[in-house]
Amino acid sequence: MEERNDQMQVRWEKLQRWREGSRAYPNTFRRDAEAGDLQRRCADMDAAALEQEPISARLGGRLMTRRVMGKASFADLQDGSGRLQLFLSRDELGEGAYAQFKELDLGDVIGVEGTLFRTKAGELSLRVHFLQLLAKALRPLPEKWHGLSDAETRFRQRYVDLIVTEQTRRTFQIRSATVAALRQGLAAARFTEVETPMMQPIPGGATAKPFVTHHHALDMTLYLRIAPELYLKRLVVGGVERVFEINRNFRNEGISTRHNPEFTMLEWYEAYADYHIAMDRTEQLIRAAAQAALGQTKIVYQGQEIDLEGAFARLSVAEAVRAYNPDLRAKNLRDPEVLAAKLQELGMPVQAGWGWGKRLIEIFEKTVETQLLQPTFIIEYPTEVSPLARANDADPEVTDRFELFIAGRELANGFSELNDPEDQAERFQAQVLAKEAGDDEAMFYDHDYIRALEYGMPPTAGVGMGIDRLVMLLADQPSIREVILFPHLRPEQA
RNA sequence: GGGGGUGUAGCUCAGUCGGUAGAGCAGCGGCCUUUUAAGCCGUGGGUCGAGGGUUCAAAUCCCUCCGCUCCCA
């Protein structure tokens, strides 16, 4: 049991007096206004205007700062929409209520009623004539000026962070607006939103290490999903021709500024479309999200201006690798020996089983990815590293696939879907061999998915978009933990 | 896994060459009826992450461990 410090002790004693004096923690106060709304509504009203047409308001919120000047005081009340200054005077409030105000602590949740006016300095304020304590803050808030800077405390006690850090509130507003805009954009294009299993007997749709759990009644192993892909494509087989899901994926891998074990993905599938159409839609959705969340499509990420307005660049993996590795010749980009030499030079020796495709992608990830600051679609991914994508008609060693990079990070991955069940079965078989060779990220063979494809899946394009990374971009946040309300942390020491 | 940074009051942070542990905010007691990081006077609050070592003396130097954080793999 954590012991109370001196400040908590004082507050706790006040709580005991509150309990004795009246019904503590009442739920009878009702508000009829919010601070931010009043600020906007009165933005153009000067002192005289407010005097002529008095506006009264009942507000609930948290006492954030206080300036007591003997028989009159100012205070700042913060609610979910913003802040408003309160003015309280002994003469208007009465001796008892004013004394009660002075006994409040910073952080207390209160209800107030009063009339709006402007101070000499011109600040919109509420002249309070009624005041009620609604919930006691037994713990002191962080410092009013510097706020909370310890990252661990900010994530562990996100509620405190949200109280005192304006930027955190803003980030999660952007997140909400972003997701809403994506949902709305897809709904407007007549996509159907669905929910598919989070617990899967065969984790598919991506190459990643899954979390494993166990169902006791059925005595079976289940995996938390690493992607919804194979279920969504089953729905396309079933005739849900435009389908999407926004939900969590789980990957049992490292934690970093870009990775959280659970993260949010948008995936959508569109029948009778190809990856070019998917790229167009990706571009439109991101633009619409920026517009909705920020009101603009030219944004700044970590000091770098990024233009989401113009058409996104499109170039092939091979072109991109050559652009950043001028020593490589175009004709050599499928030569395993040349690629092996390059990898050696980069300090990444070739591993067993890597064909030219895997070798090229390793070079791409090492030398190109982080350079792609402006929105860029990279296309023509090697078939070897794209087990679910449709092979290109003219050049079956690459696929009709793209990944979108912005600010040096992958934001989306999409392709014309592989809907040939025999081809898909062969790709699964290759993954099984890779798994047997020791690649624990390789895919499982999913017989039911093959069976679904055997009923015939229309030609389809699909896209997966990382919502957390998109929000990082739009909210100008360097770490994924800044855009996840409760990021994964080690358990707190007892 | 490797490297860097960091851990001191509720919060944000100082702490020099090893010599009595500090400031601001917050708190507590006062003064103050237009402040807005309000101001003024007074005042309480510390397992200096943990353990060990060196020393007359350790927040400070050394060792081990733990946490957090950033970069790299």
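Note: hydrogens, waters and symmetry copies are ignored here, and every other heavy atom, side chains too, is used. The sequence lines fix the lettering, A, B, ..., with proteins before strands; numbering per chain opens at 1.
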Nucleotide paired to [N] in any strand shown, Watson-Crick or G-U, under 3.5 Å:
| N | answer |
| --- | --- |
| rU6(B) | rG67(B) |
| rU34(B) | none |
| rG22(B) | rC13(B) |
| rG1(B) | rC72(B) |

Just list the side-chain donor-acceptor pairs under 3.5 Å for residues 465-472 of chain A, sequence neighbours left out, or say none.
unit_1: Asp468(A); atom_1: OD1; unit_2: Arg175(A); atom_2: NH1; d: 2.8
unit_1: Asp468(A); atom_1: OD1; unit_2: Arg175(A); atom_2: NH2; d: 3.0
unit_1: Asp468(A); atom_1: OD2; unit_2: Thr264(A); atom_2: N; d: 2.7
unit_1: Arg469(A); atom_1: NH1; unit_2: Glu410(A); atom_2: O; d: 3.0

Stepwise side chain to side chain contact (heavy atoms under 4.5 Å, CB included) test for Val317(A) and Leu360(A): CA-CA 8 Å; Val317(A) 173; Leu360(A) 184 64; 3.9 Å; yes
[atom1]-based separation of [M] from [N] [nearest Å]:
| N | M | atom1 | value |
| --- | --- | --- | --- |
| rA59(B) | rG2(B) | P | 31 Å |
| rA21(B) | rU60(B) | P | 13 Å |
| rG52(B) | rA26(B) | P | 39 Å |
| rA38(B) | rA57(B) | P | 47 Å |
| rC17(B) | rU6(B) | P | 16 Å |
| rG45(B) | rC61(B) | C1' | 30 Å |
| rC71(B) | rC11(B) | P | 25 Å |
| rA23(B) | rG44(B) | P | 11 Å |

Sugar-phosphate only, base, or nothing, as touched by Arg90(A) at under 4.0 Å among non-hydrogen atoms: nothing
Pair Ser125(A), Arg127(A): side-chain N/O donor-acceptor within cut-off below 3.5 Å: no
Contacts of Gln302(A) that satisfy side-chain contact (heavy atoms from CB on, under 4.5 Å) - sequence neighbours left out: Asp476(A), Pro478(A)
Parallel, tilted or perpendicular, as decided by the 30° and 60° cut-offs, for the rings of Phe377(A) and Phe402(A): perpendicular
Under-4.0 Å salt bridge between Arg66(A) and Asp76(A): no
Provide, to the nearest angstrom, the distance between the [atom1] atom belonging to [X] and the [atom2] atom belonging to [N].
| X | N | atom1 | atom2 | value |
| --- | --- | --- | --- | --- |
| Arg154(A) | rU12(B) | CZ | C1' | 14 Å |
| Asn5(A) | rC25(B) | CG | P | 18 Å |
| Tyr98(A) | rC32(B) | OH | C1' | 9 Å |
| Lys14(A) | rA26(B) | NZ | P | 13 Å |
| Gln9(A) | rA9(B) | CD | C1' | 17 Å |
| Asp108(A) | rG27(B) | CG | P | 11 Å |
| Phe87(A) | rC32(B) | CZ | C1' | 13 Å |
| Met8(A) | rA26(B) | CE | C1' | 14 Å |

Any pair counted as side chain to side chain donor-acceptor pair (under 3.5 Å), so long as it reaches residues 354-368 of chain A, sequence neighbours left out: Asn325(A)-Thr367(A), Trp356(A)-Glu397(A), Lys358(A)-Glu362(A)
Partners passing side-chain hydrogen bond (donor to acceptor under 3.5 Å, both in side chains) against Asp335(A) (at least two apart in sequence or in another chain): none
For nucleotides 69-71 of chain B, print each protein N/O atom paired with a nucleotide N/O atom at under 3.5 Å, atom names and distance only.
unit_1: rU69(B); atom_1: OP1; unit_2: Arg481(A); atom_2: NH2; d: 2.2
unit_1: rU69(B); atom_1: OP2; unit_2: Arg481(A); atom_2: NH2; d: 3.3

Positions of residues 341-365 of chain A (non-hydrogen atom under 4.0 Å from RNA chain B), listed by number: none
Under 3.5 Å: donor-acceptor pair, side chain of Glu143(A), backbone of Trp145(A): yes
Partners passing salt bridge (charged side-chain N to carboxylate O under 4.0 Å, His left out) against Asp91(A) (at least two apart in sequence or in another chain): none
Test salt bridge (charged side-chain N to carboxylate O under 4.0 Å, His left out) applied to Arg481(A) - qualifying residues, sequence neighbours left out: none
Is the number of heavy atoms from other residues, nucleotides or ligands under 6.0 Å of [X] [atom1] greater than 12?
| X | atom1 | value |
| --- | --- | --- |
| Arg329(A) | CZ | no |
| Asn27(A) | CG | no |
| Met69(A) | CE | yes |

Toward the 5' end of RNA chain B, by each residue's nearest nucleotide, Arg127(A) or Glu103(A): Glu103(A)
Residue whose closest nucleotide on RNA chain B lies nearer the 5' end, Phe117(A) versus Thr153(A): Thr153(A)
Nearest listed nucleotide, side chain of Lys71(A), among rC28(B), rU33(B), rC11(B): rU33(B)
Of all pairs that satisfy ring-ring contact (aromatic ring centres under 6.0 Å, His included), the ones with a partner from residues 113-139 of chain A, not counting sequence neighbours: Phe87(A)-Phe117(A)
Under-3.5 Å N/O pairs linking protein and nucleotides 43-50 of chain B:
unit_1: rG44(B); atom_1: N2; unit_2: Asp6(A); atom_2: OD2; d: 2.1

Validation: residues 37-51 of chain A side-chain donor-acceptor distances under 3.5 Å, sequence neighbours left out:
unit_1: Asp37(A); atom_1: OD1; unit_2: Arg40(A); atom_2: NH2; d: 2.9
unit_1: Gln39(A); atom_1: NE2; unit_2: Arg83(A); atom_2: O; d: 2.7
unit_1: Asp46(A); atom_1: OD1; unit_2: Ala48(A); atom_2: N; d: 3.2
unit_1: Asp46(A); atom_1: OD1; unit_2: Ala49(A); atom_2: N; d: 2.8

Each nucleotide N or O in nucleotides 35-39 of chain B that has a protein N or O under 3.5 Å away: list the pair and distance.
unit_1: rU35(B); atom_1: O2; unit_2: Arg67(A); atom_2: NE; d: 2.6
unit_1: rU35(B); atom_1: O2; unit_2: Arg67(A); atom_2: NH2; d: 3.3
unit_1: rU35(B); atom_1: O2; unit_2: Gln85(A); atom_2: OE1; d: 3.2
unit_1: rU35(B); atom_1: N3; unit_2: Gln85(A); atom_2: OE1; d: 2.9
unit_1: rU35(B); atom_1: N3; unit_2: Gln85(A); atom_2: NE2; d: 3.0
unit_1: rU35(B); atom_1: O4; unit_2: Gln85(A); atom_2: NE2; d: 2.9
unit_1: rU35(B); atom_1: O4; unit_2: Thr119(A); atom_2: OG1; d: 2.8
unit_1: rU36(B); atom_1: O4'; unit_2: Arg67(A); atom_2: NE; d: 3.1
unit_1: rU36(B); atom_1: O2; unit_2: Gln85(A); atom_2: OE1; d: 3.2
unit_1: rU36(B); atom_1: O2; unit_2: Glu123(A); atom_2: OE1; d: 2.5
unit_1: rU36(B); atom_1: N3; unit_2: Glu123(A); atom_2: OE1; d: 2.7
unit_1: rA37(B); atom_1: O3'; unit_2: Lys144(A); atom_2: NZ; d: 3.4
unit_1: rA38(B); atom_1: OP1; unit_2: Lys144(A); atom_2: NZ; d: 2.1
unit_1: rA38(B); atom_1: OP2; unit_2: Arg67(A); atom_2: NH1; d: 3.1
unit_1: rA38(B); atom_1: N6; unit_2: Val68(A); atom_2: O; d: 2.9

